[in-house]
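Each remark here refers to the structure printed beneath this line.
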Amino acid sequence: MTSRHLVDPELHPLLAAWPTVRLTDATLAELRARDLPLPPAPDSGVDVTERRIAGPAGAPDIGLRIYRPRDATGSTGCIYHIHGGGYVGGSARELEFIHRPLAGTLGCVIVSVNYRLAPETVFPGAIEDCYAGLRWTVAHADELGIDPARLGVMGESAGGGLAAALALMARDRGEIRLAFQHLTYPMIDDRTCIRPPHPFAGEFIWTPHNNRFGWAALLGHEPGMDAVSPYAAAARADDLSGLPPAFIMTGALDLFVDEDIDYARRLIAAGVPTELHVHPGGFHGFDALPGPAVANRAQAARIDALARALSGAIA
């Protein structure tokens, strides 16, 4: 059954410009190499630097992209960002057009991490890279001009999944206290691959086939098996208590809509302050470009929630 009649009409041009690619071992290189219709990155009064830091023990160095407003004085809040790409693609650089204006608007530092991708690196490589980058960020808070008490994690899609897993890992290891977790259509449950298909969600951009490919690449085995770590799939965690306040946003036509709603429900039941937005007519990545009213509303809600979180207010 098609869901095209449920797509917000203003999003149809985005579907035309961003065709769905069927992921296979043969097409993965094509996905990684394709040019998305991304707008240029405005200056926004924000400086960008790149750093190479030590990775996890025995692993390669990690690349970080650091955004800081030029007129920032004193310590600012910080967003530790993890890019999406189904665990198999994407890069921090691709989101400069979002991160420059976001850092300028919020008056905060953004640190975006390049983690190792699957299938070349399977779990726990990516999450350990993210944790190493987070530890470095906290250890260099004075150098970066950030207030570690106002530092949280953010990510979209697979990056949202890694951000949710990183919040769990930070809680469990007890070294870092995060102020918030900001998750946009997070990819957090490999068991979606083996559940009955949703009648309308997942037709566009990120499909059930691609979801299975991404999860199998990350895990090194088929998704849905027993004993998958919550640091790979955050929805596998039995205990969600003690996590930082959460903001979760997804589209009603996104393949992840059910797993994201359920994660929000479980966070609320665990006593975690949680804000959930489900945007009708939105498919995976619907908010990537400004213009459509539903995308503008989603971005406005995101910025409002981040501003509150960075100020120290409950999300």
Side-chain angles (χ1 to χ4, degrees), residues 14 17-18 21 23 27-55 59-70 78-106 108-121 125-134 136-137 140 144 146 151-163 166 182-187 205-206 214 217-218 284-285 287-290 295 299 302-303 306:
L14 181 58
W18 191 5
V21 173
L23 274 178
T27 63
L28 180 56
E30 174 189 346
L31 170 77
R32 290 175 174 174
R34 67 176 174 167
D35 289 325
L36 295 175
L38 303 178
D43 178 89
S44 300
V46 172
D47 291 323
V48 185
T49 57
E50 296 190 354
R51 295 287 297 267
R52 299 291 299 177
I53 67 165
D61 290 349
I62 300 166
L64 300 176
R65 287 179 66 82
I66 302 167
Y67 300 82
R68 181 174 177 82
R70 292 189 200 105
C78 178
I79 298 169
Y80 184 80
H81 179 265
I82 309 172
H83 70 78
Y87 299 115
V88 299
S91 71
R93 180 183 292 274
E94 289 177 350
L95 296 176
E96 184 173 336
F97 79 99
I98 292 175
H99 287 161
R100 271 189 184 267
L102 187 63
T105 296
L106 295 172
C108 72
V109 170
I110 298 176
V111 178
S112 189
V113 58
N114 274 312
Y115 53 89
R116 286 170 291 168
L117 300 175
E120 293 87 348
T121 300
I127 188 63
E128 291 292 355
D129 287 353
C130 293
Y131 189 81
L134 179 64
W136 181 92
T137 300
H140 292 77
L144 297 172
I146 64 174
L151 182 153
V153 293
M154 179 175 80
E156 305 82 36
S157 192
L162 285 165
L166 191 57
H182 192 98
L183 315 175
T184 299
Y185 29 80
M187 182 177 175
I205 310 301
W206 194 251
L218 175 73
H284 195 68
D287 62 323
L289 299 177
Q299 290 297 343
R302 160 186 280 182
I303 291 172
L306 284 169

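Checked by atom type and distance alone, the side chain of Glu50 never pairs as donor or acceptor with a backbone atom of Gly63 at under 3.5 Å. Arg68 places a side-chain N or O within 3.5 Å of a backbone atom of Leu144 that can act as its donor or acceptor partner. Using modelled atom types, no side-chain atom of Tyr87 and backbone atom of Pro119 make a donor-acceptor pair closer than 3.5 Å. The main-chain N or O of Asp61 is found under 3.5 Å from a side-chain atom of Arg52 such that the two form a donor-acceptor pair. With Arg116 contributing its side chain and Ile127 its backbone, the two residues share no donor-acceptor pair below 3.5 Å. The main-chain N or O of Cys130 is found under 3.5 Å from a side-chain atom of Tyr80 such that the two form a donor-acceptor pair.
With sequence neighbours excluded, no residue forms a ring pair (Phe, Tyr, Trp, His ring centres under 6.0 Å) with Tyr131. Residues satisfying the ring pair (Phe, Tyr, Trp, His ring centres under 6.0 Å) test with His83, not counting sequence neighbours, are Tyr115.
In this structure the side chain of Leu95 reaches within 4.5 angstrom of the side chain of Glu156, judged on heavy atoms.
Taking both residues in full, the closest heavy atoms of Met154 and Leu102 are given as CE-CD2, 3.9 Å, listed atom of the first, atom of the second, then distance. Considering every non-hydrogen atom in both Ala132 and Ala54, the closest pair reads CB-O, 4.3 Å. Contact record, Gly133 with Leu64: CA-CD2, 4.5 Å, taken as the closest heavy-atom pair. Thr184 and Arg302 make their closest contact through OG1-NH2, 2.7 Å (heavy atoms, listed as atom of the first residue, atom of the second, distance). Nearest heavy atom pair, residue Cys108 against residue Pro69, reads O-CD, 3.2 Å. Ile62 and Gly55 get closest at one heavy-atom pair: CD1-CA, 3.6 Å.
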List the steps, then state whether side chain to side chain contact (heavy atoms under 4.5 Å, CB included) holds for Thr49 with Tyr67. CA-CA 7 Å; Thr49 57; Tyr67 300 82; over 6 Å; no

Please report the C-alpha distance between Ile79 and Val109 in whole Å, then the side-chain angles of each, then the deciding distance to 0.1 Å, and finally whether the side chain to side chain contact (heavy atoms under 4.5 Å, CB included) criterion is met. CA-CA 6 Å; Ile79 298 169; Val109 170; over 6 Å; no

Carefully, step by step, assess Ile66 and Val48 under the rule side chain to side chain contact (heavy atoms under 4.5 Å, CB included). CA-CA 6 Å; Ile66 302 167; Val48 185; over 6 Å; no

Should Leu134 and Val111 be marked as a side chain to side chain contact (heavy atoms under 4.5 Å, CB included) after you check the CA-CA gap, both sets of side-chain angles, and the distance that decides it? CA-CA 9 Å; Leu134 179 64; Val111 178; over 6 Å; no

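With His99 as reference, His81 is the one residue of His81, Glu94, Arg65 to meet the side-chain contact (heavy atoms from CB on, under 4.5 Å) rule.
Rounded to the nearest 0.5 Å, atoms CD1 (Ile110) and CG (Leu306) are 8.5 Å apart.
Checked for salt-bridge contact, Asp47 and Arg100 miss the test: no charged N lies under 4.0 Å from a carboxylate O.
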